[in-house]
Amino acid sequence: MILQRAFYQQEVVTVARELLGKILVHESVEVVTVGRIVETEAYLGPEDQAAHSSGGRRTPRNEVMYGPKGYAYVYFIYGLYYCVNVTSGDAPGKPEAVLIRALEPVAGKAIMKKRRRINEEKATNLTNGPSKLCMAMGISKLQNKANLIAPPLYIKDAPHISFSDIAETTRIGVDYAGEWKKRPWRFYIKGNSFISAK
DNA sequence: TGCACGATTCTCT
DNA sequence: GAGAATCGTGCAA
């Protein structure tokens, strides 16, 4: 039921595509939040100028990307927010990961609202962005390097999303990446109302 | 030791 | 659509 190590040891672009529709679960003390992954982006190894591992850069922050696959890479951005990635790839030791950009809330919506500090009827604003979903799911640097093969933070298998239901576009917020910003490595479920942008 | 900047979000116009 | 919020990180010096 929980996705196993081998799932993450495929090509990182494949993992990004396959993660769509899968179920992210975070069990914190007496509180469980669950979301369906509806948008991802792939970041490749040293060659990808959009990645934190660009040029083989290896620092305490991105160290987890160089380790085994299937672990969480959580980083702090803009002095305010967190984003969560899943280390993936078919080459051991190669620093690659999949950014989770949006979720569809499945369970724990009341908690998500509280964590996001919003109070409105529609749920679309809870998890439709990489940092929003971290807030809603209670993910922070404490979850960095978490093993995603077991609780409290893990991803469950779910029915495969057919190719025709997946949209491919360029990645968001990587204008600094030169030619690499043009790569179609952002994936989302077509027509889903929880994606972060068109 | 200093400093520019970011895989974002929110508010206001 | 523009601008602010806000600080850890990375690299130069």
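Sequence lines set the chain letters: A, B, ... in the order given, protein chains first and strands last, and positions in each chain run from 1. Predicted model only: the values in this text are computed from it and were never measured.
Counting any heavy atom pair closer than 4.0 Å across all strands shown, A:R171 reaches no nucleic acid atom. Within 4.0 Å (heavy atoms only), A:R186 reaches no atom of the nucleic acid at all.
With respect to A:E41 and A:R101, a salt bridge is recorded, a charged nitrogen being found less than 4.0 Å from a carboxylate O. A salt bridge links A:E63 with A:R58: the closest approach of a Lys/Arg side-chain nitrogen to an acidic carboxylate oxygen falls below 4.0 angstrom. No salt bridge links A:D48 with A:K181; every basic N to acidic carboxylate O contact stays at or beyond 4.0 Å.
If you measure from atom CD of A:Q49 to atom C1' of B:dA7, you get 15 Å, rounded to the nearest angstrom. Here the P atom of nucleotide B:dA7 and the CG atom of A:N85 are 11 Å apart, to the nearest Å. Atom pair A:E39:CD and B:dA7:P shows a separation of 16 Å (rounding to whole Å applied). Between A:L99 atom CG and B:dG6 atom P the separation is 16 Å, expressed in whole Å.
Note: A:Y82 and A:F76 have tilted aromatic rings, judged against thresholds of 30 and 60 degrees for the angle between ring planes.
Using modelled atom types and a 3.5 Å distance limit, the side chains of A:Q9 and A:D90 yield no donor-acceptor pair. No side-chain N or O of A:Y154 forms a donor-acceptor pair with one of A:H26 less than 3.5 Å apart. For the residue pair A:Y8/A:Q10, the side-chain donor-acceptor check at 3.5 Å is not satisfied.
When the side-chain nitrogen and oxygen atoms of A:Y176 are compared with OP1 and OP2 of B:dA7, one or more of them lie within a distance under 4.0 Å. In this model, the phosphate group of B:dA7 is not approached by any side-chain N or O of A:K181 to a distance below 4.0 Å at OP1 or OP2.
Secondary-structure stems of DNA chain C, taken as three or more successive Watson-Crick or G-U wobble pairs (i with j, i+1 with j-1) under a 3.5 Å distance threshold, comprise B:1-6 with C:7-12, B:8-12 with C:1-5.
Applying the ring-ring contact (aromatic ring centres under 6.0 Å, His included) test to residues at least two apart or on different chains, none of the pairs has a partner in residues 155-198 of chain A.
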Letter by letter from the 5' end, nucleotides 4-13 of chain C scores (B base, S sugar-phosphate only, - none; protein heavy atoms under 4.0 Å) -BBBSSSS--

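A:Y73 and A:Y71 have their aromatic ring centers separated by at least 6.0 angstrom.
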